[in-house]
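We number each residue from 1, following the sequence as shown.
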Amino acid sequence: MAILVFALGLCVGRANVRGLVVGAFGPYGQSESSNSPYATAADFARYAMKLRNDGLLRVAPVVQIPSNFLTRWKQSIVTTTFWVGEPAGPNNPVSNDKSSWDLNWTASYGGFDPPETSNRRNYVPVAFTPRQNPFYVALPYNDVTGGQFKPEAPLIIPWFRQAYTSPGQSVCKDHWIAIRKGNRICYAQWEDCGPFRTDHFEYVFGNERPKPNANDGAGLDVSPAVRDYLGLQPTDVTDWQFVGVRDVPQGPWRSYGDNNPFVTAHRQGEGQLVKTQGTHSEETTAKILQ
């Protein structure tokens with residue numbers, strides 16, 4: 001019976017788990033005694049939700065992913081520029097000193113990412129080397145809320161199972177997208193949620209268009225580095241789509257950032273090379289001393 005409740009919970013979401021438990025097992029009063037360690041419906045509901053979260057990747061979802069929830073080019077999307085450390089303003093209601101997934105985004109990045117071209121060179125700030133990829137974007141969906149995955153997240157995010165690491169750990173953060181303007185394509189990582197919304201999965205993963213907003217219905221925010229590579233105006237129109245790491249070609253977007261898998265792989269490669277060279281040096285010394 002517990003398995004039945006768990007499976008049903010995957011379909012109807014967290015909000016209805018308590019009702020399912022009570023309906024399946026009868027009302028448990030707070031003072032009613034029981035041999036079960038879950039003496040109340042509330043206790044069992046919490047346990048059922050723990051099972052749901054722990055087993056999210058092991059239980060096949062009952063609901064099929066709609067065929068329109070695929071990764072394809074989103075065409076003619078109004079695109080605006082934002083940056084790490086951007087203060088709140090009329091067209092930016094929330095300061096960008098933190099992101100939806102990083103409360104210390106400015107510190108993690110290494111400082112304020114200046115949008116002025118006079119303060120930038122080769123797509124990065126003149127004043128410092130960023131500790132995260134300067135090619136970043138924001139899209140209007142957040143897959144977590146209150147430290148838990150949203151109910152639809154496992155069903156509508158195509159790479160959910162492959163990227164899952166732990167309950168409530170975003171699988172959207174750091175994912176790559178391609179942005180196209182004319183005959184140029186730039187690649188960037190998803191680092192924040194917006195513009196204006198964090199719940200529009202029907203657009204981000206489906207076929208809906210961005211909702212109207214104060215920035216002419218913008219559906220994509222891009223960093224100054226993306227803006228400069230594509231030659232975008234403050235408000236422009238681009239196409240974009242999700243891509244996997246294997247689809248990201250050589251370019252300046254592979255050069256910086258502790259969150260950048262290409263930088264990580266390069267560092268690991270260098271570390272292995274140093275280790276190998278050190279071993280060879282020790283072997284050479286040993287031969288000389290013989």
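By the 4.5 Å heavy-atom criterion applied to side chains, Val226 and Lys181 are not counted as neighbours. The shortest distance between side-chain heavy atoms of Arg180 and Gln241 does not fall below 4.5 Å. For the pair Phe160/Leu155, no side-chain contact is recorded, criterion being any heavy-atom separation below 4.5 Å from C-beta on. Two residues are said to be in side-chain contact when any heavy atoms from C-beta on lie closer than 4.5 Å; Lys211 and Pro140 fail this criterion. No side-chain heavy atom of Val78 sits under 4.5 Å from any side-chain heavy atom of Asn215.
Here the OG1-CG distance, from Thr79 to Asp216, works out to 11.5 Å after rounding to the nearest 0.5 Å. In this structure, OG in Ser170 is found 11.5 Å from CG in Asp102, a value given to the nearest 0.5 Å. Expressed to the nearest 0.5 Å, how far OG of Ser223 lies from CH2 of Trp83 amounts to 11.5 Å. Between Glu152 atom CD and Glu202 atom CD the span is 8.0 Å, to the nearest 0.5 Å. Considering CG of Asp143 and CZ of Phe149, their distance stands at 5.5 Å, rounded to 0.5 Å. Going from atom CD1 of Ile77 over to atom OG1 of Thr238 covers 7.0 Å, rounded to the nearest 0.5 Å.
Across Ile156 and Phe201, no two heavy atoms sit closer than the pair CD1-CB, 4.0 Å. Minimum heavy-atom separation, Asn260 to Ser255: ND2-N, 4.2 Å. Nearest heavy atom pair, residue Lys150 against residue Asp199, reads NZ-CA, 4.2 Å. The two residues Cys193 and Thr198 make their nearest non-hydrogen contact at CB-CG2, 3.7 Å. Closest of all the heavy-atom pairs between Gly219 and Leu139 is O-CD2, 3.8 Å. The shortest non-hydrogen separation linking Arg254 to Val248 is NH1-O, 3.0 Å.
Arg120 places a side-chain N or O within donor-acceptor distance of the main-chain N or O of Pro114, the cut-off being under 3.5 Å. Of the possible donor and acceptor atoms, none in the side chain of Asp221 sits under 3.5 Å from a partner among the backbone N and O of Val137. With hydrogens and angles ignored, the 3.5 Å screen pairs no side-chain donor or acceptor of Ser99 with any backbone N or O of Asp192.
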Just list the side-chain donor-acceptor pairs under 3.5 Å for residues 171-178, sequence neighbours left out, or say none.
{"unit_1": "Lys173", "atom_1": "NZ", "unit_2": "Glu191", "atom_2": "OE1", "d": "3.4"}
{"unit_1": "Asp174", "atom_1": "OD1", "unit_2": "Asn259", "atom_2": "ND2", "d": "3.3"}
{"unit_1": "His175", "atom_1": "NE2", "unit_2": "Val243", "atom_2": "O", "d": "3.3"}

Check residues 124-134 and write down every donor-acceptor pair under 3.5 Å in which the side-chain atom is one partner and the other belongs to a residue at least two apart or another chain.
{"unit_1": "Arg131", "atom_1": "NH2", "unit_2": "Ala107", "atom_2": "O", "d": "2.6"}
{"unit_1": "Gln132", "atom_1": "OE1", "unit_2": "Trp105", "atom_2": "NE1", "d": "3.3"}
{"unit_1": "Asn133", "atom_1": "OD1", "unit_2": "Phe135", "atom_2": "N", "d": "3.0"}
{"unit_1": "Asn133", "atom_1": "ND2", "unit_2": "Gln189", "atom_2": "OE1", "d": "2.9"}
{"unit_1": "Asn133", "atom_1": "ND2", "unit_2": "Trp253", "atom_2": "O", "d": "3.1"}

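Asn119 and Glu116 share a side-chain donor-acceptor pair at under 3.5 Å.
Taken together through direct or relayed side-chain contacts under 4.5 Å among Ile, Leu, Val, Met, Phe, Trp and Tyr, Val237 and Val222 form parts of separate hydrophobic clusters. Both Leu230 and Leu220 belong to a common hydrophobic cluster when Ile, Leu, Val, Met, Phe, Trp and Tyr are linked at side-chain heavy-atom distances under 4.5 angstrom. A continuous path of hydrophobic side-chain contacts links Phe242 to Trp101 [ILVMFWY only; heavy atoms under 4.5 Å]. Both Phe82 and Phe112 belong to a single network of hydrophobic side chains, linked directly or stepwise wherever heavy atoms of I, L, V, M, F, W or Y lie under 4.5 Å apart. By the criterion of side-chain heavy atoms lying less than 4.5 angstrom apart, applied directly or through intervening Ile, Leu, Val, Met, Phe, Trp or Tyr residues, Phe262 is grouped together with Trp190 in one hydrophobic cluster.
A tilted orientation is assigned to the rings of Tyr229 and Tyr123, their planes being inclined by 30° to 60°. Classification of the Tyr203-His200 ring pair by plane angle, with boundaries at 30° and 60°, yields tilted. The aromatic rings of Tyr136 and Tyr109 stand perpendicular to each other, their planes meeting at an angle above 60°, with 30° marking the opposite boundary.
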Go through the steps for Arg72 and Asn207 under the test side chain to side chain contact (heavy atoms under 4.5 Å, CB included), then give the verdict.
-> CA-CA 9 Å; Arg72 57 168 64 96; Asn207 288 332; 3.2 Å; yes
Can you check salt bridge (charged side-chain N to carboxylate O under 4.0 Å, His left out) on Arg267 and Asp258, steps first, answer last?
-> CA-CA 10 Å; Arg267 290 173 179 170; Asp258 297 335; 2.8 Å; yes
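Annotation: Gln162, atom CD; neighbour count of heavy atoms from other residues, nucleotides and ligands within 6.0 Å is above 12.
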